[in-house]
Amino acid sequence: MELSADSLREKLQRDLEAEHVEVEDTTQNRCATSFRVLVVSAKFEGKPLLQRHRLVNECLAEELPRIHAFEQKTLTPEQWTRERRR
């Protein structure tokens, strides 16, 4: 599978049933080795941050060995709504 912001976004949306996903390639030359992601999913309800991040890491287990830097933010739909109101 090609490593790209689009491919990561599609996989996160599908596997985590996410209602919102943002993936940004943060590599200086956009060579797809560093990413920043925001994932909003009801699957995160009642889970602490570490468990949420583990869900994302499990989802991207095939891709992570090829990624140099990976930053993630995981929110429930309720948290996402509150954050957008700020």
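All heavy atoms count here, side chains included; hydrogens, waters and symmetry mates do not.
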**Request:** For T33 and I67, indicate whether the former's side chain and the latter's backbone hold a donor-acceptor pair under 3.5 Å.
**Result:** no

**Item:** Short N-O contact, E58 and R54, less than 4.0 angstrom
**Value:** no

**Request:** Please check if atom CD in E22 has more than 12 non-hydrogen atoms from other residues, nucleotides or ligands closer than 6.0 Å.
**Result:** yes

**Criterion side chain to side chain contact (heavy atoms under 4.5 Å, CB included) against R36, the qualifying member of K73, E24, Q72** = E24

**Message:** Under a 3.5 Å distance rule, please check whether K43 uses its side chain to pair with a backbone N or O of A18 as donor and acceptor.
**Reply:** no

**Prompt:** Given the rule that I, L, V, M, F, W and Y join up when any side-chain heavy atoms are under 4.5 Å apart, are L55 and V40 in one cluster?
**Reply:** no

**Message:** More than 12 heavy atoms of other residues, nucleotides or ligands under 6.0 Å from NE2 of H68: yes or no?
**Reply:** no

**Request:** Check whether any side-chain heavy atom of F44 lies under 4.5 Å from a side-chain heavy atom of L49, and answer yes or no.
**Result:** no

**Request:** Begin with the C-alpha distance, continue with both residues' side-chain angles, and end with the deciding distance and a verdict on side chain to side chain contact (heavy atoms under 4.5 Å, CB included) for K47 and T76.
**Result:** CA-CA 9 Å; K47 291 183 174 45; T76 64; over 6 Å; no

**Asked** Shared ILVMFWY cluster between L38 and F70, side chains joined below 4.5 angstrom?
**Response** no

**Item:** D25 vs T27, side-chain hydrogen bond (donor to acceptor under 3.5 Å, both in side chains): CA-CA, chis, key distance, verdict
**Value:** CA-CA 6 Å; D25 184 344; T27 314; 2.9 Å; yes

**Request:** Can you see which heavy atom on A61 is nearest to which on P65, and at what distance?
**Result:** O-CD, 3.1 Å

**Message:** Tell me whether V21 shares a hydrophobic cluster with L64, the cluster being built from Ile, Leu, Val, Met, Phe, Trp, Tyr side chains joined at under 4.5 Å.
**Reply:** yes

**Prompt:** Can you find a heavy atom in the side chain of L75 that is under 4.5 Å from one in the side chain of E83?
**Reply:** yes

**Message:** Can you tell whether the side chains of K11 and E63 come within less than 4.0 Å, N to carboxylate O?
**Reply:** yes

**Asked** Is there a side chain to side chain contact (heavy atoms under 4.5 Å, CB included) between C59 and L12 once you walk through the steps?
**Response** CA-CA 7 Å; C59 175; L12 289 165; 3.9 Å; yes

**Message:** Do D6 and V23 have side chains that approach each other closer than 4.5 Å (heavy atoms only, starting at C-beta)?
**Reply:** no

**Short N-O contact, R52 and E45, less than 4.0 angstrom** = no

**Stepwise side chain to side chain contact (heavy atoms under 4.5 Å, CB included) check, H53 with T74** = CA-CA 7 Å; H53 285 197; T74 53; 3.4 Å; yes

**Request:** Starting from the C-alpha separation in whole Å, work towards a yes-or-no answer on side chain to side chain contact (heavy atoms under 4.5 Å, CB included) for Q13 and R9.
**Result:** CA-CA 6 Å; Q13 279 182 316; R9 184 180 305 104; 4.1 Å; yes

**Message:** Just verifying a value: how many Å separate F35 CZ and S4 OG, rounded to the nearest 0.5 Å?
**Reply:** 6.5 Å

